[in-house]
Amino acid sequence: MDANIKLEGKGFHALVAQGDHVDAGQPLVEVDFDAVRAAGFDPTVFVIVCERSENSTLREHASGPVAVKEPVVWLSE
């Protein structure tokens, strides 16, 4: 079960709502990773890309730990 559910949302703050338009680079959620670790959860973050076109290309830019605002994937049409 994921940490957000087990922690009942504590340590997680959504910055957008379902259905909102988001722009590239816009933060979606703030996470208190110290609170996640303290509760015994692995703070690894997964990146999921939804609704990409058949003609788009998804390339990995970085793997493993990355700095804040460092790109992890490139999506091109």
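Along the sequence shown, residues carry numbers from 1. Predicted, not measured: the structure shown is a model, and the values here were computed from it.
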Can any side-chain N or O of Asp23 pair as donor or acceptor with the backbone N or O of Gln26 at less than 3.5 Å?
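No, the answer is negative, given that no donor and acceptor are paired below the 3.5 Å cut-off.
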
Mind listing the closest non-hydrogen atom pair of [X] and [Y] along with its distance?
X: Val16; Y: Pro27; value: CG1-O, 4.2 Å
X: Arg37; Y: Pro43; value: NE-CG, 3.7 Å
X: Asp42; Y: Val36; value: O-CG1, 4.3 Å

Taking transitive links into account, so neighbours of neighbours count too, which hydrophobic residues share a cluster with Leu15 at under 4.5 Å side-chain distance?
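Besides Leu15, the hydrophobic cluster comprises nothing; the residue is isolated.
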
Look up atom CZ in Phe33 and atom CZ in Phe41, then write down how far apart they are to the nearest 0.5 Å.
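Answer for the CZ-CZ pair, Phe33 versus Phe41, is 14.0 Å.
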
